[in-house]
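Working notes for the structure below.
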Amino acid sequence: RPVAHRFAFLTAAAIVPLILVGAGVTSKEAGMAFPDWPTSDSHLLNPPGWLSNNAKLWEHGHRLLGWFVGMLAIGLAAVTWRSGGWIRACGVGVLVAIVVQGVMGGLRVREVSTELALLHGVWGQLCFCLACITALLTSRRWTESDRERISAHRVVMFRRSCLAATVFVVVQLIVGGIYRHFEAQWALVGHIFWAVAVV
């Protein structure tokens, strides 16, 4: 499991710059710098002039980071396969989630869809969360912890709290995405006030 933990940690860590660059793509309105996908100006890798054009630099850089994260996710699925159970499910789940994310990003370009851009942004952060969960489940401290000491009541309360927190955060992501992509003023107000509930 140490190898699986390292892969999961690296995958989660690599998703962070991917999300940040993706946010930059939206901020700089560079999402349609290339009208095609999976190629960029009909080139699979490094189209001519992409380094000198700011919009193309952001968008193609985002795509390259996506390829890198995808390769890490394939490795993660491979090394967690032997473990079986929840470890395998999480490893394969990360790969499937990232493939869905990549296809969603490509369809956003092909369909010129703002709705898909919103889903793409929210789904990317959920991919990060799933990779973090996989890193936690494969860590030595988790696998060697003495969970028998924890009372059943505390476990149930913990699970319910985690579920509630997850729902609150996902709602916050969606409302924030609605404001970012559609500039709806109600979403901005909701995003600010809902942040209190999330905290």
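Keep in mind it's a predicted model, so treat the numbers as computed, not measured.
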CE-CD1 distance between Met71 and Ile98, expressed to the nearest 0.5 angstrom: 10.5 Å
message: How long is the straight-line distance from CD1 of Ile15 back to CG of Leu20, given to the nearest 0.5 Å?
response: 12.0 Å
field: From CG (Leu76) to SG (Cys90), nearest 0.5 Å
entry: 9.0 Å
message: Salt bridge check, Asp41 against Lys56: does any charged N sit closer than 4.0 Å to a carboxylate O?
response: yes
query: Do any N or O atoms from the side chain of Trp58 and from the backbone of Ser27 form a donor-acceptor pair under 3.5 angstrom?
result: no
- prompt: Quick one: do Val122 and Phe182 end up in the same hydrophobic cluster if we chain Ile, Leu, Val, Met, Phe, Trp and Tyr together by side-chain heavy atoms under 4.5 Å apart?
  reply: yes
task: Check whether any side-chain heavy atom of His191 sits under 4.5 Å from a side-chain heavy atom of Tyr179, and report yes or no.
output: no
- prompt: If only atom types and distance count, is the side chain of Thr134 paired as donor or acceptor with the main-chain N or O of Leu130 below 3.5 Å?
  reply: yes
- request: Look up atom NE2 in His62 and atom CD1 in Ile19, then write down how far apart they are to the nearest 0.5 Å.
  value: 9.5 Å
- prompt: Going from CH2 on Trp123 to CG on Leu173, what distance comes out if it is rounded to the nearest 0.5 angstrom?
  reply: 12.5 Å
message: Are Trp50 and Phe34 an aromatic pair, judged by ring center distance below 6.0 Å?
response: no
- prompt: At what distance, to the nearest 0.5 angstrom, does CG of Leu119 lie from CD1 of Ile174?
  reply: 8.0 Å
- request: Kindly indicate, with the supporting measurements, whether the criterion side-chain contact (heavy atoms from CB on, under 4.5 Å) is fulfilled by Ile133 and Leu137.
  value: CA-CA 6 Å; Ile133 290 169; Leu137 292 179; 4.0 Å; yes
- prompt: Is it true that the side chains of Thr138 and Arg6 contain a donor and an acceptor less than 3.5 Å apart?
  reply: no
message: Please evaluate residues Leu163 and Arg159 with respect to the criterion side-chain contact (heavy atoms from CB on, under 4.5 Å), reporting the C-alpha separation (whole Å), side-chain torsions for both, the decisive distance (0.1 Å), and the verdict.
response: CA-CA 6 Å; Leu163 179 60; Arg159 287 178 177 168; over 6 Å; no
query: For residues Thr114 and His181, is any side-chain donor paired with an opposing acceptor at under 3.5 Å?
result: no
query: Is a side-chain N or O of Ser139 found less than 3.5 angstrom from the main chain of Leu136, in a donor-acceptor match?
result: yes
- prompt: Can you list the steps and then say if Leu107 with Ser113 is a side-chain contact (heavy atoms from CB on, under 4.5 Å)?
  reply: CA-CA 8 Å; Leu107 289 176; Ser113 170; over 6 Å; no
query: Between the main-chain N or O of Gly121 and the side-chain N or O of Arg180, is there a donor-acceptor pair closer than 3.5 Å?
result: no
query: Distance under 6.0 Å and angle within 45° of the ring axis: does Arg88 meet both against Trp81?
result: yes
field: Enclosure of Met32 CE (heavy-atom neighbours >12, cutoff 6.0 Å)
entry: yes
- request: Could you give me the CA-CA distance, side-chain angles and deciding distance for Val79 and Phe7, then say whether side-chain contact (heavy atoms from CB on, under 4.5 Å) is met?
  value: CA-CA 8 Å; Val79 299; Phe7 258 102; 4.0 Å; yes
statement: Leu64 and Asn46 have their tightest heavy-atom pair at CD1-OD1, 3.7 Å
task: State whether the side chain of Glu59 and the backbone N or O of Val25 hold a donor-acceptor pair below 3.5 Å, judged by distance alone.
output: no
message: Looking at Met104, is its backbone amide N or carbonyl O close enough to the side chain of His120 to form a donor-acceptor pair, meaning the two atoms are under 3.5 Å apart?
response: no
